[in-house]
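What follows is a set of notes on a single structure, which appears directly below.
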Amino acid sequence: MEIVSGSCRFGLWYVHVWWNDTAVQRLRFSTTGLAGEVPPLIRKYCAGQPVDCSTLDSFALHEESMYSRIYRAVRDVTYGTTATYGEIAEKVGTSPRVVGQAMARNPTPLVIPCHRIVAAHGIGGFSPSVEIKEALLAMEKKGVHKLLLGQN
DNA sequence: AACGTACACTTAT
DNA sequence: ATAAGTGTACGTT
């Protein structure tokens, strides 16, 4: 099936997505837009609705590599919660540093929710900008609140 | 095929 | 604050 691409807004940023009917192939944040549609779930998520993009599929989840194992563990971190690099490392049997490396190379952020992985004593990194990570986490926190209280 | 090095970390000085 | 430990991937030989 053919790969299509598109972008949507998230705050000051654009989210570019390359995807087909089975999985997201690539996702990245950019300061410029791109013609075309993104998967509906991602559009809703970026609009602030409490939907979880990790229910989408990413090609990067289905390999036998260490990174792929890490990505599968990261996918299980649910909306509105966080885990540390060290926790993920322990789960898959590697070191925290490696988890950081896997996050830095994550081909499909949001779908593999690397923004929910934080350092033991700080927020950790995010490219292209840690502001995005902060915004995503703040939004999810608010979203869960909304879900529980049914308002605001 | 081996080697060096770069890391979105962590823990102990 | 700083240093040592860490495992994987990736670029150079």
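A note on names: the letters A, B, ... follow the listed sequences, proteins ahead of strands, and every chain is numbered from 1.
Spacing between atom CD of A:Glu90 and atom C1' of B:dT11 amounts to 14 Å, rounded to whole angstrom units. The distance between atom CD1 of A:Ile88 and atom P of B:dT10, rounded to the nearest whole Å, is 11 Å. Rounded to whole Å, atom P of B:dT10 lies 13 Å from atom CD1 of A:Ile123. In this structure, A:Arg69 places its CZ atom 11 Å from P of C:dA9, rounding to the nearest Å. Following rounding to the nearest Å, A:Glu134 (CD) and B:dA8 (C1') show an atom-to-atom distance of 13 Å. Here C:dA9 presents its P atom at 15 Å from CG of A:Asn106, a figure rounded to the nearest Å. Rounded to whole Å, atom C1' of B:dC7 lies 13 Å from atom CE of A:Met103. For the pair A:Tyr71 OH and C:dT8 P, the interatomic distance rounds to 14 Å; values are reported in whole Å.
Between A:His121 and A:Ser127, the residue anchored closer to the 5' end of DNA chain B is A:Ser127, taking for each the nucleotide with the nearest heavy atom. Both A:Arg97 and A:Ser65 sit near DNA chain C, but only A:Arg97 has its closest nucleotide nearer the 5' end. When each of A:Arg105 and A:Gln101 is assigned the nucleotide of DNA chain C with its nearest heavy atom, A:Gln101 is the one assigned upstream, toward the 5' end.
With rounding to the nearest 0.5 angstrom, the OG1 atom of A:Thr108 is 9.5 Å from the CG atom of A:Leu56. Note that SG of A:Cys46 is 6.5 Å distant from CE of A:Met139, once rounded to the nearest 0.5 Å.
Considering all non-hydrogen atoms of both residues, A:Arg9 and A:Trp13 come closest at CD-O, 3.2 Å.
A:Gly86 comes within 4.0 angstrom of sugar-phosphate atoms only, judged by non-hydrogen atoms across all strands, and of no base. A:Ala104 comes within contact range of at least one nucleobase, with a heavy-atom separation under 4.0 Å.
The environment of CD in A:Glu134 is crowded: more than 12 heavy-atom neighbours from other residues, nucleotides or ligands sit within 6.0 Å.
Counting distance only, with no hydrogens placed and no angle test, the side-chain atoms of A:Tyr85 and the base atoms of B:dA8 include a donor-acceptor pair under 3.5 Å.
Nucleotide B:dT5 has C:dA9 as its partner under the Watson-Crick or G-U criteria, with both atom distances under 3.5 Å.
Of the candidate nucleotides B:dA8, B:dC9, C:dT8, B:dA8 has the atom lying nearest to any side-chain atom of A:Cys114.
Between the side chains of A:Glu140 and A:Tyr45, at least one donor-acceptor pair of N or O atoms lies under 3.5 Å.
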